Undergrad: 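One structure is given below, represented as structure tokens, and several questions about it will come after.
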Amino acid sequence: MNISIFGLGYVGAVSLACLAREGHAVIGVDVDDSKLALIGAGKTPVVEEGMVELMAKVVASGRVSVTADAGAALLGSEVSLLCVGTPSAANGSQDQGAVLRLCEQLGRALRDKAGSHVFVFRSTLVPGTVEDVLVPILERESGKTEGRDFFACFQPEFLREGSSIRDYDNPPFTIVGTRHDECARVLRQIFGHLPCDFHITSVRAAEMVKYCCNNFHALKITFANETARLCEGLGVDPFEVMDLVCRDT
């Protein structure tokens, strides 16, 4: 397929390399010219095991291109993965500025597209954001209707920095939050070969699963660290303890 990826941080860059490895034609889009230059030269913009060799290989294959022109990338692809950052603002809320601006750009570009298009949001988003905020922007700027002229869904990613390629190839599951069979069909075509269960759920549930997984992993790390401190004071091997605790499934 022809796939555009917006945002070339860890998730976007690893996704670009892995999708191109699998035979897709991938357009990488970012506002950072240095990232575009690195990928264009067959180099990786992120430090990640296996990425140096993989990026050089897929760029040499001719299946990867990069641009700062969001509209051109949309018109040159069938599916767009939106992976731009949504960091915490100073007051603890989510800073959605980048994804809001991107949806405005993509909506305007969508006006000129004859065929349908599938938007796959992968950024961490507060539940309700896709349906209540982002889809209305795309509809307003394009003059088109979601579910008829274009389709939007949410697919959370579960990549860890340091093992992103391995995690891409062996995910715990694939979750697609959507109301449309077209989104499920397209994402099965792209990710259905991975060795995991493929779940279709509501958009809001998929958005919430991403938050829950992030929170639960943080909780597990904190729990293990606190356990280790107690073990140290009591003369117990914390690795022996946590190894046994984690065997309880």
Side-chain angles (χ1 to χ4, degrees), residues 1 3 5-24 26 46-51 54 79-88 94 99 118-130 152-181 183-227 239 241-249:
M1 300 184 72
I3 302 172
I5 298 181
F6 295 86
L8 298 174
Y10 267 91
V11 175
V14 171
S15 298
L16 175 144
C18 290
L19 288 168
R21 177 195 62 187
E22 292 163 4
H24 301 286
V26 187
V46 297
V47 178
E48 188 65 31
E49 181 182 350
M51 273 290 283
L54 180 57
V79 184
S80 294
L81 306 185
L82 285 75
C83 309
V84 296
T86 51
S88 295
Q94 187 176 69
V99 71
V118 175
F119 295 97
V120 183
F121 291 95
R122 306 204 77 192
S123 307
T124 302
L125 295 169
V126 175
T129 300
V130 170
C153 61
F154 184 81
Q155 185 201 16
E157 51 76 23
F158 303 101
L159 306 181
R160 296 169 294 176
E161 293 185 12
S163 61
S164 294
I165 295 175
R166 291 199 305 274
D167 291 344
Y168 178 98
D169 291 331
N170 297 280
F173 37 51
T174 296
I175 297 175
V176 179
T178 182
R179 297 174 294 178
H180 309 295
D181 291 340
C183 290
R185 181 191 68 80
V186 167
L187 288 175
R188 280 188 189 277
Q189 187 175 345
I190 298 174
F191 299 109
H193 66 285
L194 295 172
C196 64
D197 292 333
F198 192 102
H199 299 280
I200 303 296
T201 185
S202 69
V203 178
R204 278 171 163 77
E207 290 169 318
M208 191 64 190
V209 165
K210 174 59 177 171
Y211 267 101
C212 285
C213 286
N214 284 358
N215 293 341
F216 190 52
H217 291 322
L219 178 65
K220 287 188 289 185
I221 292 168
T222 303
F223 178 83
N225 287 340
E226 288 299 306
T227 298
F239 294 100
V241 171
M242 289 308 301
D243 177 64
L244 292 170
V245 169
C246 291
R247 291 174 188 267
D248 181 353
T249 60

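By convention here, the first residue in the shown sequence is residue 1. For clarity, every value in this text was computed on a predicted model and none was experimentally measured.
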Undergrad: Go through the structure and list residues passing side chain to side chain donor-acceptor pair (under 3.5 Å) with H217, not counting sequence neighbours.
TA: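 Per chain and number, H217 pairs via side chain to side chain donor-acceptor pair (under 3.5 Å) with K220.
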Undergrad: Working to the nearest 0.5 Å, report the span between CZ of F158 and CG of N214.
TA: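 Output value for this atom pair is 8.0 Å.
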Undergrad: Between V120, V26, L16, V11, which is the residue that forms a side chain to side chain contact (heavy atoms under 4.5 Å, CB included) with L81?
TA: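 Going through the options one by one, the only one that passes is V120.
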Undergrad: For the residue pair E207 and P127, what are the closest heavy atoms and their distance?
TA: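 Nearest heavy atoms, E207 then P127: OE1-CA, 3.2 Å.
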Undergrad: Counting C-beta onward and ignoring hydrogens, is there a side-chain heavy-atom pair between F121 and V99 closer than 4.5 Å?
TA: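 With C-beta onward as the side chain, the pair touches.
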Undergrad: Can you tell me how far apart CD (E22) and CD1 (I190) are? Round to the nearest 0.5 Å.
TA: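 E22 atom CD to I190 atom CD1 measures 9.5 Å (nearest 0.5 Å).
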Undergrad: What's the shortest heavy-atom distance between C153 and T178, and which atoms?
TA: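 Here C153 and T178 meet closest at CB-CB, 3.7 Å.
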Undergrad: Taking all non-hydrogen atoms of both residues, which atom of I5 and which atom of S15 are closest, and how far apart?
TA: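 Looking at all heavy atoms of both residues, the closest pair is CD1-C, 3.8 Å.
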Undergrad: Taking CZ in F173 as the centre, count heavy atoms belonging to other residues, nucleotides or ligands within less than 6.0 Å. Is the count above 12?
TA: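 Atom CZ in F173 is packed in, count exceeds 12.
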Undergrad: Which residue pairs pass the salt bridge (Lys or Arg N to Asp or Glu O under 4.0 Å) test with at least one member in residues 154-166, sequence neighbours excluded?
TA: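 Output for this query lists E49-R166, E157-K210, R160-D167.
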Undergrad: Please name all residues satisfying ring pair (Phe, Tyr, Trp, His ring centres under 6.0 Å) with H180, sequence neighbours left out, ordered by chain then number.
TA: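 Only F151 meet the ring pair (Phe, Tyr, Trp, His ring centres under 6.0 Å) criterion with H180.
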Undergrad: Rounded to the nearest 0.5 Å, what's the gap from CZ on R204 to OG1 on T129? Could you check?
TA: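 Rounded to the nearest 0.5 Å, the CZ-OG1 separation comes to 8.5 Å.
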Undergrad: Does CG in N225 sit with more than 12 non-hydrogen atoms of other residues, nucleotides or ligands closer than 6.0 Å?
TA: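 Yes, enclosed.
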Undergrad: Looking only at non-hydrogen atoms, find the nearest pair between P156 and A206 and report the distance.
TA: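 The pair with the smallest heavy-atom distance is CG-O, 3.9 Å.
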Undergrad: Quick check: do H24 and V79 have side-chain heavy atoms less than 4.5 Å from each other?
TA: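 When only atoms from C-beta onward are counted, V79 and H24 do not touch, as no gap falls below 4.5 Å.
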Undergrad: Side chains of Y10 and L159: closer than 4.5 Å at any heavy-atom pair?
TA: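 Side-chain contact under 4.5 Å: no.
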Undergrad: Could you give the distance from SG (C213) to CE (M208), rounded to the nearest 0.5 Å?
TA: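 Output value for this atom pair is 10.5 Å.
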Undergrad: For M51 versus A13, what's the shortest heavy-atom pair and its separation?
TA: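 Taking every non-hydrogen atom into account, CE-O, 3.8 Å.
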Undergrad: Please report the closest heavy-atom contact between T86 and Q94, naming both atoms and the distance.
TA: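 Of all heavy-atom pairs spanning T86 and Q94, the closest is OG1-NE2, 3.6 Å.
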Undergrad: Hey, are the side chains of L19 and F191 touching, using non-hydrogen atoms and a 4.5 Å cut-off?
TA: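 Of all side-chain heavy-atom pairs linking F191 with L19, at least one is under 4.5 Å.
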Undergrad: Do V186 and M1 make a side-chain contact, defined as non-hydrogen atoms from C-beta onward lying under 4.5 Å apart?
TA: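 Side-chain contact under 4.5 Å: yes.
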Undergrad: Let me confirm one number: the CG-CD distance from L54 to E48, rounded to the nearest 0.5 Å.
TA: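 Rounded to the nearest 0.5 Å, the CG-CD separation comes out at 10.5 Å.
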Undergrad: Side chains of F154 and T201: does their closest heavy-atom pair fall under 4.5 Å?
TA: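 In short, these two side chains do not touch, never coming nearer than 4.5 Å.
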Undergrad: Rounded to the nearest 0.5 Å, what separates atom OG1 in T174 from atom CG in L187?
TA: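 It comes to 9.0 Å.
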Undergrad: Can you find a heavy atom in the side chain of F223 that is under 4.5 Å from one in the side chain of M242?
TA: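 They are in side-chain contact.
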